[in-house]
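Any value given below was found using the heavy atoms of this structure, including those in side chains, with hydrogens, waters and symmetry copies removed.
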Amino acid sequence: SGCKNKIKMIEIRNLRKEYNGEIALNNLNIKINRGEIYGFIGSDGAGKTTLLRILSGILKQSSGEIIIESENLSYVPQKFGLYEELTVFENMDFFAEIYAIESKEKNKKIEKILNFLELLEFKKKAAGKLSGGMKQKLSLGCALISNPEILIMDEPTVGLDPVARGDIWGVLKKLSKEKKCIVVSTSYFEEGEKCDRVCFLHQGNVLEEGAPENLRKKFPFTSIDILSEKPKEIFEFLKNLDFVIDSVLYGNRIHLIIKENFEIDNLAQILKKEGFPVKDVLTSKATMEDLFVYKLKENGKQYFN
């Protein structure tokens, strides 16, 4: 969007990466700003990890350039090397040593970060005994020791329960308010909602990029949720109707994508006429996955879950 006060932190120009003749990243052009959470979203094999490793300087691109407007960058890979037998505090202390943080400052700084991450009361606990969510927070804490301006995290919430995932996102939101530039990858589409801008990656290509609400404006269909006691029967019935573009079953809720000019009241009537027990028919927001699948189909690509 056209804000004047955006400070660009990362610019990716014509970036390509090939492994043994296979294209892993195909001509990416992306700008990422200070104080925003930028999410790369896509299924496994989309090129997310490769891209983040190139951004972090661990991997070399085949061609194209990356301009990073800061010396101070931290990268948290998916499998972060915490020392399981060391305590929370000792892990932080170890990273503080690596970053050569002055010893006068060090303890205060560690306590401040642990407090920020709500880990202070666990500082004497062995890292190996922490839950998955707390381990991930500690990894993040170790990355924050150097007070980075840019934080790059590869799938920080993978394998975590919803509460722990929410916690991590809460921390990322706070960090972006402190004007840090946060780059995250995820294969959970719904997490795109929590980003300021997202990039849909598929097989090394950018399908679409922008703020979630702007991507929705370009979506030419209507999304509807139907709540029912007999969702399976309704789901089977609806998926063959010509105005239904896509349908997904979530428990007792059916999420439908229908042609835009089709009236929602007509749908309720059709279901009533067929004698289906329907609690509610509601218009809903197109989900991130809806937008992604739509872009894939538009580009004539296949999506296998």
Colleague: May I ask you to decide whether Lys194 forms a salt bridge with Glu191, counting only side-chain N to carboxylate O separations under 4.0 Å?
Modeller: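 Salt bridge: no.
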Colleague: Is the backbone N or O of Leu282 less than 3.5 Å from a side-chain atom of Asp225, with the two atoms forming a donor-acceptor pair by type?
Modeller: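 Absent.
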Colleague: Answer yes when Lys48 and Glu155 have at least one side-chain N-carboxylate O distance shorter than 4.0 Å, and no when they do not.
Modeller: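 Between Glu155 and Lys48 there is a salt bridge, with a charged N closer than 4.0 Å to a carboxylate O.
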Colleague: May I have the step-by-step check of salt bridge (Lys or Arg N to Asp or Glu O under 4.0 Å) for Glu111 and Lys108, ending in yes or no?
Modeller: CA-CA 5 Å; Glu111 301 250 323; Lys108 235 168 46 192; over 6 Å; no
Colleague: Surrounding CD of Glu22 (heavy atoms of other residues, nucleotides or ligands, distance under 6.0 Å), is the total greater than 12?
Modeller: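 Open: at most 12 neighbouring heavy atoms sit under 6.0 Å from CD of Glu22.
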Colleague: Are there over 12 heavy-atom neighbours, none belonging to Lys31, within less than 6.0 Å of that residue's NZ?
Modeller: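 Incorrect, the count does not exceed 12.
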Colleague: When you compare the side chains of Asn29 and Asn14, does any donor N or O come within less than 3.5 Å of an acceptor on the partner?
Modeller: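 Judged by distance alone, the side chains do pair up.
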Colleague: Do the rings of Tyr83 and Phe94 sit parallel, tilted or perpendicular, given the 30° and 60° boundaries?
Modeller: perpendicular
Colleague: Start with the C-alpha distance between Phe122 and Leu138, add both sets of side-chain angles, then the distance that settles side-chain contact (heavy atoms from CB on, under 4.5 Å), and finish with yes or no.
Modeller: CA-CA 10 Å; Phe122 306 104; Leu138 179 54; over 6 Å; no
Colleague: Quick one: pull up CG in Asp242 and CD1 in Ile258 and give me the separation to the nearest 0.5 Å.
Modeller: 11.5 Å
Colleague: What are the two closest non-hydrogen atoms of Leu130 and Val88, and how far apart are they?
Modeller: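 Residues Leu130 and Val88, closest heavy atoms: CD1-CG2, 3.8 Å.
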Colleague: Do NZ/NE/NH1/NH2 and the carboxylate oxygens of Lys129 and Glu84 come within less than 4.0 Å?
Modeller: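 Answer for the salt bridge query: no.
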Colleague: With rounding to the nearest 0.5 Å, note down the distance linking OG in Ser228 to CD in Glu233.
Modeller: 7.5 Å
Colleague: Taking 4.0 angstrom as the limit, do Glu18 and Arg16 come out as a salt bridge?
Modeller: yes
Colleague: Taking Arg197 first and then Glu209, would you say they form a salt bridge - that is, a charged N and a carboxylate O separated by under 4.0 Å?
Modeller: yes
Colleague: Can a cation-pi geometry be assigned to Lys123 and Phe89, taking NZ or CZ under 6.0 Å from the six-membered ring centre and within 45° of the ring axis?
Modeller: yes
Colleague: Return yes when atom NZ of Lys232 has more than 12 non-hydrogen atoms of other residues, nucleotides or ligands closer than 6.0 Å, and no otherwise.
Modeller: no
Colleague: Look at the side chain of Asn91 and the backbone N and O of Ala127, then say whether any donor-acceptor pair between them is shorter than 3.5 Å.
Modeller: no
Colleague: I would like to know whether Ser223 and Ser284 meet side-chain contact (heavy atoms from CB on, under 4.5 Å); could you show each step before the answer?
Modeller: CA-CA 5 Å; Ser223 343; Ser284 66; 3.5 Å; yes
Colleague: Could you tell me whether Lys295 and Glu298 have a side-chain N and a carboxylate O separated by less than 4.0 Å?
Modeller: yes
Colleague: Examine distances only and state if a side-chain atom of Glu90 and a backbone atom of Thr87 form a donor-acceptor pair shorter than 3.5 Å.
Modeller: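 The answer is yes, because a donor-acceptor pair under 3.5 Å joins these two groups.
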Colleague: Do any N or O atoms from the side chain of Asp154 and from the backbone of Val184 form a donor-acceptor pair under 3.5 angstrom?
Modeller: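 Such a contact is absent between Asp154 side chain and Val184 backbone.
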Colleague: Taking atom OG1 of Thr287 and atom CD of Glu193, what is their separation to the nearest 0.5 Å?
Modeller: 8.0 Å
Colleague: For Phe276, is the NZ or CZ atom of Lys230 found under 6.0 angstrom from the centre of its six-membered ring and inside 45 degrees of the ring axis?
Modeller: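 Output no; distance or angle outside limits.
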Colleague: I would like to know whether Lys180 and Asn72 meet side chain to side chain donor-acceptor pair (under 3.5 Å); could you show each step before the answer?
Modeller: CA-CA 11 Å; Lys180 293 189 187 301; Asn72 197 348; over 6 Å; no
Colleague: Distance to the ring centre below 6.0 angstrom and angle to the axis at most 45 degrees; does that hold for Arg165 and Tyr188?
Modeller: yes
Colleague: For the side chain of Arg34 and the backbone of Lys8, is there at least one donor-acceptor N/O pair under 3.5 Å apart?
Modeller: no
Colleague: Show the nearest heavy-atom pair for residues Leu201 and Phe292, with the distance to one decimal.
Modeller: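 Leu201 and Phe292 have their closest heavy atoms at O-CE1, 3.8 Å.
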Colleague: Keeping Lys17 on the side-chain end and Asn26 on the backbone end, is there a donor-acceptor pair under 3.5 Å?
Modeller: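 Judged by distance alone, no pair lies under 3.5 Å.
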Colleague: Are Leu175 and Phe116 close enough, and set up right, to give a side-chain contact (heavy atoms from CB on, under 4.5 Å), and what steps lead you there?
Modeller: CA-CA 10 Å; Leu175 290 169; Phe116 172 76; 3.8 Å; yes
Colleague: Any side-chain donor paired with an acceptor under 3.5 Å for His255 and Asp246?
Modeller: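 Absent: no donor and acceptor within the cut-off.
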Colleague: Run the numbers on Ile257 and Val244 for side-chain contact (heavy atoms from CB on, under 4.5 Å), then give the verdict.
Modeller: CA-CA 6 Å; Ile257 304 293; Val244 174; over 6 Å; no
Colleague: Answer yes or no: does atom CD of Glu118 have more than 12 heavy-atom neighbours from other residues, nucleotides or ligands under 6.0 Å?
Modeller: no
Colleague: Between the main-chain N or O of Val163 and the side-chain N or O of Asp161, is there a donor-acceptor pair closer than 3.5 Å?
Modeller: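 Such a contact is found between Asp161 side chain and Val163 backbone.
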Colleague: Any chance you could lay out the salt bridge (Lys or Arg N to Asp or Glu O under 4.0 Å) test for Glu149 and Lys179, step after step, and finish with the verdict?
Modeller: CA-CA 8 Å; Glu149 288 187 282; Lys179 292 286 172 267; over 6 Å; no
Colleague: Phe219 and Phe221: ring-ring contact (aromatic ring centres under 6.0 Å, His included), yes or no, with the steps?
Modeller: CA-CA 6 Å; Phe219 187 66; Phe221 309 117; 5.5 Å; yes
Colleague: So which of Leu51, Ile30, Asn27 actually passes side chain to side chain contact (heavy atoms under 4.5 Å, CB included) with Leu15?
Modeller: Leu51
Colleague: To the nearest 0.5 Å, tell me how far Leu291 CG sits from Glu289 CD.
Modeller: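 If we round to the nearest 0.5 Å, Leu291:CG and Glu289:CD are 10.0 Å apart.
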Colleague: Specify the closest pair of heavy atoms between Gly192 and Val198, including all atoms of both residues, with the distance to one decimal.
Modeller: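 Closest approach of Gly192 to Val198, heavy atoms only: O-CG1, 3.5 Å.
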Colleague: Using only atom types and a distance under 3.5 Å, with no angle test, would you say the side chain of Asn205 pairs donor to acceptor with the backbone of Gln203?
Modeller: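 Checking the backbone N and O of Gln203 against the side chain of Asn205, a donor-acceptor pair under 3.5 Å is found.
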Colleague: Decide whether Asn107 and Lys112 meet the rule of one side-chain donor and one side-chain acceptor closer than 3.5 Å.
Modeller: no
Colleague: Any ion pair linking Lys6 and Glu36 (charged N to carboxylate O, less than 4.0 Å)?
Modeller: no
